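See structure below.
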Amino acid sequence: MDAASGPAYLLVEPSHYEVSYTINPWMQPGIWAEDPAGHRREAQAAFASLTASLRDAGGTVEIADGVTRLPDMVFPANGGIVLDGRALLARFRYPQRQGEEAAFRAVFDGLKARGRLDEVIILPDGLTQEGAGDCIWDRTRRLAWTGFGPRSSPAAPAFIAETFDIEVRRLELATERFYHLDTCFCVLPGGEVLFYPQAFSKEGNALIRDTVQADLLIEASDEDAARFCVNAVAVGHTIVMATPADRLTRVLRERGYAVSPVPLEPFILSGGGAYCMTLRLDLRTH
Ligand code: ARG
């Protein structure tokens with residue numbers, strides 16, 4: 001990939017998006033069902049606004065087609081982990097999303113055919129792993145932060161470490177509300193970590209504080225977490241996120257970042273925000 005062209009993101013267009021089942025506590029099929037056409041229109045608008053924000057900030061965007069009856073495909077961060085041109089295909093915990101495995105495999109095979117990926121790797125039997133949603137690359141520390149518990153298996157981090165030949169930090173997710181690491185943990189380009197302490201076990205909190213120096217830790221409030229603002233994408237020094245409260249905008253600005261707010265309410269109805277609507281394709285581990 002051409003480094004000069006900026007970070008590259010895979011997104012999945014939302015024409016098959018809906019909220020029709022509940023596999024996390026944020027999902028609201030009842031609210032969706034009150035006005036499916038209206039929500040779908042809003043989802044299209046929110047998606048357009050997200051892609052525009054990523055491009056304005058200097059990112060390049062690759063848009064894959066959605067698949068009927070796989071509404072959560074709009075969250076490609078869960079489709080796999082891509083590092084060094086190699087994609088580790090996800091395996092999903094819940095049957096509602098398992099059909100996405102073949103769909104993302106087809107997307108990755110297509111990227112490979114076009115020379116955008118070198119290899120597609122399959123997880124061993126018995127492991128679940130929900131992609132970059134539970135594996136966040138930290139360029140500053142040259143390691144991956146991996147989440148497990150509600151979705152990804154406790155043994156997934158070791159497989160990730162071995163497959164990509166990288167160091168990992170394992171973080172147990174303590175609650176179903178913060179079921180993927182990306183709902184409660186975000187690494188910024190200056191090495192800051194924005195995180196929601198209540199989402200982690202005691203050991204998880206201790207590991208974060210042992211690894212990241214105190215002045216680089218930014219604690220998210222209940223409100224920031226509930227607005228899905230921790231689920232953010234840093235495109236250079238612009239942070240693209242669901243509309244934040246003033247305090248968080250201020251804190252990030254003081255640290256030299258620009259905040260690009262996107263009204264992502266239709267996707268928050270499924271428990272997702274900006275980060276999980278993207279999958280970074282061009283990360284290098286060294
Ligand atoms: N409804 C989806 C699920 O429960 C939302 C996924 C959001 N993805 C994320 N990485 N946070 O799986």
Side-chain angles (χ1 to χ4, degrees), residues 9-12 14 16-33 39-40 43 46-47 50 64 66-67 69-82 87-101 103-104 128-137 144-153 156-157 160 171 173-187 194-196 199-200 220 224-234 240-242 262 264-280:
Y9 300 95
L10 173 71
L11 279 80
V12 175
H16 299 284
Y17 175 65
E18 61 184 356
V19 185
S20 53
Y21 52 75
T22 308
I23 56 171
N24 74 56
W26 308 93
M27 294 181 83
Q28 304 270 11
I31 294 185
W32 184 273
H39 287 301
R40 187 159 288 138
F47 181 83
L50 176 62
V67 173
R69 277 186 281 282
L70 296 176
D72 278 339
M73 247 191 110
V74 295
F75 302 113
N78 299 131
I81 299 169
V82 180
L88 174 62
L89 183 67
R91 185 171 300 120
F92 288 88
R93 161 97 190 269
Y94 291 113
Q96 289 91 333
R97 294 198 68 179
Q98 285 165 356
E100 293 178 44
E101 292 164 21
F104 279 114
T128 59
Q129 203 290 322
E130 297 198 356
D134 270 335
C135 180
I136 298 176
W137 179 247
W145 296 90
T146 54
F148 68 95
R151 300 291 180 90
S152 300
S153 309
I160 293 168
L171 291 173
L173 300 168
T175 88
E176 285 290 329
R177 255 164 81 78
F178 299 96
Y179 55 93
H180 283 139
L181 182 62
D182 66 4
T183 62
C184 51
F185 190 94
C186 177
V187 180
L194 169 64
F195 79 117
Y196 181 60
F200 297 96
D224 301 331
R227 287 176 174 233
F228 274 80
C229 293
V230 184
N231 196 265
V233 188
V240 178
M241 60 165 63
V262 186
L264 290 175
E265 286 75 9
F267 297 100
I268 294 173
L269 273 189
S270 189
Y275 175 94
C276 55
M277 294 182 69
T278 66
L279 176 63
R280 183 83 190 263

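We count ligands from 1, going down the list as the structure has it; atoms in each ligand are counted the same way. All values reported here derive from a predicted model rather than from experimental measurement.
The main-chain N or O of Tyr275 is found under 3.5 Å from a side-chain atom of Asn231 such that the two form a donor-acceptor pair. A side-chain donor-acceptor contact under 3.5 Å links Arg93 to the backbone of Pro150.
A side-chain contact (heavy atoms from CB on, under 4.5 Å) with Met277 holds for exactly one of Leu50, Val262, Val233; it is Leu50.
The residue among Met27, His180, Met277, Glu100 with a heavy atom at the shortest distance from atom 9 (C) of ligand 1 is His180. Considering each of Val74, Asn78, Thr183, Leu181, the one bringing a non-hydrogen atom nearest atom 8 (N) of ligand 1 is Asn78.
When non-hydrogen atoms are compared, ligand 1 lies under 4.0 Å from the backbone of Ser270 as well as from its side chain.
Heavy atoms of Gly271 come nearer than 4.0 angstrom to ligand 1 in at least one pair. Within the structure, ligand 1 lacks Glu130 among the residues with a heavy atom less than 4.0 angstrom away. Within the structure, ligand 1 has Tyr179 among the residues with a heavy atom less than 4.0 angstrom away.
The Arg151 neighbourhood of ligand 1 comprises atoms 3 (C), 4 (O), 12 (O), with distances under 4.0 Å to a heavy atom of that residue. Remark: ligand 1 atoms within the under-4.0 Å shell around heavy atoms of Asp182 are 9 (C), 10 (N), 11 (N). Less than 4.0 angstrom separates some heavy atom of Cys276 from each of these atoms of ligand 1: 7 (C), 8 (N), 9 (C), 10 (N), 11 (N).
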Step by step, work out the side-chain contact (heavy atoms from CB on, under 4.5 Å) result for Val12 and Phe104. CA-CA 10 Å; Val12 175; Phe104 279 114; 4.1 Å; yes

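In terms of protein heavy-atom proximity, atom 2 (C) of ligand 1 is nearest to Asp72 OD2, 3.2 Å.
Of all heavy-atom pairs spanning Glu176 and Tyr94, the tightest one is OE1-OH, 4.3 Å. The minimum heavy-atom distance linking Ala242 with Phe228 is given by the pair CB-O, 4.1 Å.
Between Phe200 and Phe195, the ring planes lie tilted relative to each other; the angle falls in the 30° to 60° range.
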